[in-house]
Amino acid sequence: MTRYTIAASEAAALLLPWYDRHHRDLPWRVSPPMARQGIVADPYHVWLSEVMLQQTTVQAVKAYFDKFLRLWPTVEDLASAETEDVMKAWAGLGYYARARNLKKCAEAVSREHGGRFPDTEERLKALPGIGDYTAAAVAAIAFNRRSAVLDGNVERVISRLYAIEAPLPAAKPRMRQLIAELTPAERPGDFAQAMMDLGATICTPKRPACSLCPFRPKCLALHNADPETFPRKAAKKEKPLRLGAAFVAIDQAEAVYLRKRPETGLLGGMTEVPGTDWTARRDGATTLDAQPFAAAWQPCGAVSHVFTHFELRLSVYRANVIAALPGVEGWWEPIASLKTQALPTVMKKAIAQAIPHAFNQG
DNA sequence: TAACCGTGGAA
DNA sequence: TTTCCAAGGTT
């Protein structure tokens, strides 16, 4: 029983010329002409972009990538930064464990590797926040290693090329084996980026542009099935609804009472306004138990926010207080500087619900 | 292994 | 409006 195979040399011959013509120009990339002259992207830039791009769109990452390079031009600069400043700069990008691990990784590179990123997959993967994908990507793109780079784009391309019927995530080891066989020794970094560009622009989740695809003569799904139905995926479960309350206190100088969340877990290490736990209960009786201090709390509506594994509905309460007294666990932050705080989106929504002009220009 | 962990844009 | 999901990692 012989299985369907595509030679790495054939894959390279089809994909690399396509990449030379149709690659995306991205801020963290070295263009193919430069790459063929032996110019390699800065490992710090590659690593920073790859971490930011985990489960995040290119469009969302661009502005953050520029901001981080402006604030911390080298990995040593980032290693020396205050974690709090890193969290503030990351605010809004999501998955905040990435920011905490980014800082830890920079420190490890500085301390354990003399400020230079290791150039092998194995040693890269030993660093915080670097898993299978990111280790392979940095090794291939920044160090020209022939590593098997498998991300969501590549999974989709591979699943269609070989018409893989097994659903994700169970099929992932099989896909890793296939991409390892398919990756050429020639220009492995460009090959990896080409696979991802192909998945992002041609071999898209919906309505793939198969007529423009360089792999068209080799794609089993195109010839034997419907490419759009790949990759097969296990059914996902629905998100439960959780309820909670948030308290927005404003003093006479228009400062808001904020506090820091625990370092781990949901929105770990980020800033918040005080509030209740977020539970599935509909019990309003305990709401005021969570007030940061006694005040004339007025209900001012609710905000909804969708997290990865649940939906949240927050009842928002507002109180105007005479003076900024308490400060037991938090601090008073002027409205003017709220936008530079480490506030996750759900907290900005809650504050904006209580103070509509809080995040206005100026 | 499966649950946990954000956000915003597109269709 | 709802659904999907984007260059995943950690526990």
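Since the structure is predicted, the reported quantities are computational estimates derived from the model, not experimental observations. Naming: A, B, ... by sequence-line order, numbering from 1 per chain.
Candidate nucleotides C:dA7, B:dG6, C:dC4 were compared by shortest atom distance to the side chain of A:Leu266, and B:dG6 ranks first. Of the candidates C:dA7, C:dC5, C:dG8, the closest approach to any side-chain atom of A:Thr134 belongs to C:dG8. Considering only side-chain atoms of A:Gln55, the nucleotide from C:dA7, C:dG8, B:dT7 that sits closest is C:dG8.
The closest side-chain donor-acceptor pair between A:His357 and A:Glu254 falls under 3.5 angstrom. No side-chain donor from either of A:Glu311 and A:Ser304 sits under 3.5 Å from a side-chain acceptor of the other. Under 3.5 Å, the side chains of A:Thr229 and A:Asp226 contain no donor-acceptor pair of N or O atoms.
Contact between the side-chain N/O atoms of A:Thr345 and the OP1/OP2 oxygens of B:dT7 is found at a separation under 4.0 Å. Here A:Gln54 does not reach the OP1 or OP2 of C:dG8: none of its side-chain N or O atoms lies under 4.0 Å away. Side-chain N/O atoms of A:Thr56 include none lying less than 4.0 angstrom from OP1 or OP2 on B:dG6. Residue A:Tyr95 places no side-chain N or O under 4.0 Å from the OP1 or OP2 atom of C:dA6. Side-chain nitrogen and oxygen atoms of A:Lys237 include at least one within less than 4.0 Å of the OP1 or OP2 phosphate oxygen of B:dA3. OP1 or OP2 of B:dG6 has not a single side-chain nitrogen or oxygen of A:His305 nearer than 4.0 Å. Put simply, A:His309 has no side-chain N or O that comes within less than 4.0 Å of OP1 or OP2 on B:dA3.
In this structure, the ring of A:Tyr257 has its center no less than 6.0 angstrom from the ring center of A:Phe247. For A:Phe307 and A:His305, the ring centers are positioned less than 6.0 Å apart. Residues A:Phe65 and A:Trp28 place their aromatic rings such that the two centres sit under 6.0 Å apart. Here the two rings, on A:Trp18 and A:Phe215, have centers that are 6.0 Å apart or farther.
For the pair A:Leu266/A:Arg261, a side-chain contact is recorded, criterion being any heavy-atom separation below 4.5 Å from C-beta on. Looking only at side-chain heavy atoms (C-beta outward), A:Thr340 and A:Lys88 stay at 4.5 Å or farther from each other. Side-chain contact between A:Arg160 and A:Cys203: present, with at least one pair of heavy atoms (C-beta onward) separated by less than 4.5 Å.
Annotation: of the two residues near DNA chain C, A:Glu50 and A:Gly129, the 5′-most nearest-nucleotide partner is A:Glu50. Looking at which nucleotide of DNA chain B each of A:Ala97 and A:Arg207 is closest to, the 5′-most match is held by A:Ala97. Summary of the strand contacts: A:Arg24 and A:Pro128 both lie near DNA chain C, and taking for each the nucleotide with the nearest heavy atom, the more 5' one is attributed to A:Arg24.
Between the CD atom of A:Glu238 and the P atom of B:dA3 there is a distance of 14 Å, given to the nearest Å. One interatomic measurement links the two molecules: CG of A:Leu53 to P of B:dT7, which rounds to 17 Å at whole-angstrom precision. Between the C1' atom of C:dA6 and the NZ atom of A:Lys62 lies a distance of 14 Å, rounded to the nearest Å. Distance, A:Lys239 NZ to B:dC5 P: 13 Å, rounded to whole Å. Atom CG of A:Leu102 and atom P of C:dT10 are 12 Å apart (whole Å). Atom CH2 of A:Trp47 is separated from atom P of C:dG8 by 17 Å (rounded to the nearest Å). For the pair A:Phe310 CZ and B:dC5 C1', the computed distance is 10 Å after rounding to whole Å. Rounding to whole angstrom units, CZ of residue A:Arg98 and P of C:dG8 are separated by 9 Å.
The separation of C:dA7 from B:dC5, taken at their P atoms, amounts to 23 Å, rounded to a whole angstrom. Between the C1' atoms of C:dC5 and B:dG6, the separation comes to 12 Å (whole Å).
Remark: the A:Thr57 side chain and the B:dG8 base include no donor-acceptor N/O pair separated by less than 3.5 Å.
Among the protein residues, A:Lys236 comes within range of the sugar-phosphate backbone only, with heavy atoms under 4.0 Å from sugar or phosphate atoms but none that close to a base. At a threshold of 4.0 angstrom between heavy atoms, the contacts of A:Gly92 are confined to the sugar-phosphate backbone, with no base atom among them. Counting any heavy atom pair closer than 4.0 Å across all strands shown, A:Trp28 reaches a base atom. Looking at heavy-atom distances under 4.0 Å, A:Leu93 makes contact with a base.
Less than 4.0 Å separates DNA chain C from at least one heavy atom of each of the following residues of residues 142-159 of chain A: A:Asp151, A:Gly152, A:Asn153, A:Arg156. DNA chain C is contacted by no residue of residues 169-185 of chain A, taking any non-hydrogen atom closer than 4.0 Å.
A salt bridge between A:Glu329 and A:Arg259 is present, with a side-chain N of the basic residue lying under 4.0 Å from a carboxylate O of the acidic one.
Hydrophobic clustering of Ile, Leu, Val, Met, Phe, Trp and Tyr side chains at less than 4.5 Å, counting indirect connections, keeps A:Met196 apart from A:Phe230.
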